[in-house]
Amino acid sequence: MILLYGVVLIAGIANAIQPGQTTQLAKSLGEPFTAGLISMFVGSAGMLAIGLVSGHLTWPSLQQAGQAPWWAWIGGLVGVGLLIAQLFVAQRVGAAPFLGLLVTAGVVTSIALDHFGLVGFDVHAAGPMRLVGGALMIAGVTFVALG
């Protein structure tokens, strides 16, 4: 379990760094949408390479594809929304408020997703500790954004 938490910590660090990388590419190229497209292409190429090397890349059958709910197929569009926010908002508000709001919104949303078992998550009740934790995240990001 410690190894899994380590992977999540590295992903969190990457999540803080990526907006700067993407906006710097946009500045260098002079066009944010081109930078976003390149970023998504590089990410897709990376997933392809890792899938091929690991042997875990397969094309789904029509039956498998039909078993997935419609909303599972649009996850990439959610990624586009995040990328657009990185390109047009992160530099303006700063890295700390951007990531603080991003993570806090994610935690608060995740508490609700867990509580109600939405979008494929198992039910994990939103007990007092989780609710207080979410409230503290909101308070903390408010201090970061106002500071």
Side-chain angles (χ1 to χ4, degrees), residues 1-126 130 133-134 136-145 147:
M1 194 60 112
I2 291 174
L3 179 62
L4 295 177
Y5 286 137
V7 170
V8 174
L9 287 173
I10 291 169
I13 292 167
N15 198 27
I17 295 169
Q18 187 185 20
Q21 292 175 304
T22 306
T23 54
Q24 184 57 52
L25 184 59
K27 285 180 184 177
S28 297
L29 300 178
E31 178 53 61
F33 285 99
T34 302
L37 185 60
I38 290 169
S39 177
M40 294 203 79
F41 175 78
V42 170
S44 296
M47 285 295 294
L48 176 64
I50 292 167
L52 290 172
V53 169
S54 70
H56 292 287
L57 184 66
T58 61
W59 198 254
S61 68
L62 288 177
Q63 180 182 359
Q64 289 171 315
Q67 291 174 349
W70 68 268
W71 45 262
W73 290 97
I74 61 170
L77 290 178
V78 174
V80 169
L82 177 59
L83 188 57
I84 288 173
Q86 290 175 359
L87 287 165
F88 293 102
V89 178
Q91 289 288 334
R92 291 187 177 126
V93 301
F98 180 80
L99 192 62
L101 286 165
L102 185 73
V103 171
T104 300
V107 167
V108 172
T109 301
S110 296
I111 291 169
L113 294 174
D114 279 350
H115 183 75
F116 295 107
L118 300 173
V119 295
F121 288 103
D122 291 335
V123 173
H124 298 277
R130 283 183 171 217
L136 289 172
M137 296 267 318
I138 292 168
V141 77
T142 301
F143 291 134
V144 169

- Message: Can you confirm whether more than 12 heavy atoms, excluding those of L9, are under 6.0 Å from its CG atom?
- Response: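 Counting neighbours around CG of L9, more than 12 heavy atoms of other residues, nucleotides or ligands fall under 6.0 Å, so yes.
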- May I ask you to check whether over 12 heavy atoms, not counting those of F121, lie within 6.0 Å of atom CZ?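 Open.
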Looking at every heavy atom in both [X] and [Y], which two are closest together, and how far apart are they?
X: P32; Y: F88; value: CB-CZ, 3.6 Å
X: D114; Y: R130; value: OD2-NH1, 2.9 Å
X: M40; Y: L83; value: CG-CD2, 3.3 Å
X: P19; Y: A90; value: CB-CB, 3.8 Å
X: A72; Y: A68; value: CB-CB, 4.5 Å

- Quick one: does H115's side chain have a donor or acceptor within less than 3.5 Å of a partner on A126's backbone?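 Judged by distance alone, yes, a pair lies under 3.5 Å.
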- Using modelled atom types only, decide if a donor and an acceptor are shared between the side chain of S39 and the backbone of A35 within a distance under 3.5 Å.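 Here the side-chain-to-backbone pair does not exist.
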Got [X] and [Y] here, is their nearest side-chain heavy-atom distance under 4.5 Å?
X: I38; Y: L29; result: yes
X: Q18; Y: Q21; result: yes
X: V144; Y: L99; result: no
X: Q86; Y: F98; result: yes

- Go through the steps for L82 and L102 under the test side chain to side chain contact (heavy atoms under 4.5 Å, CB included), then give the verdict. CA-CA 9 Å; L82 177 59; L102 185 73; 3.6 Å; yes
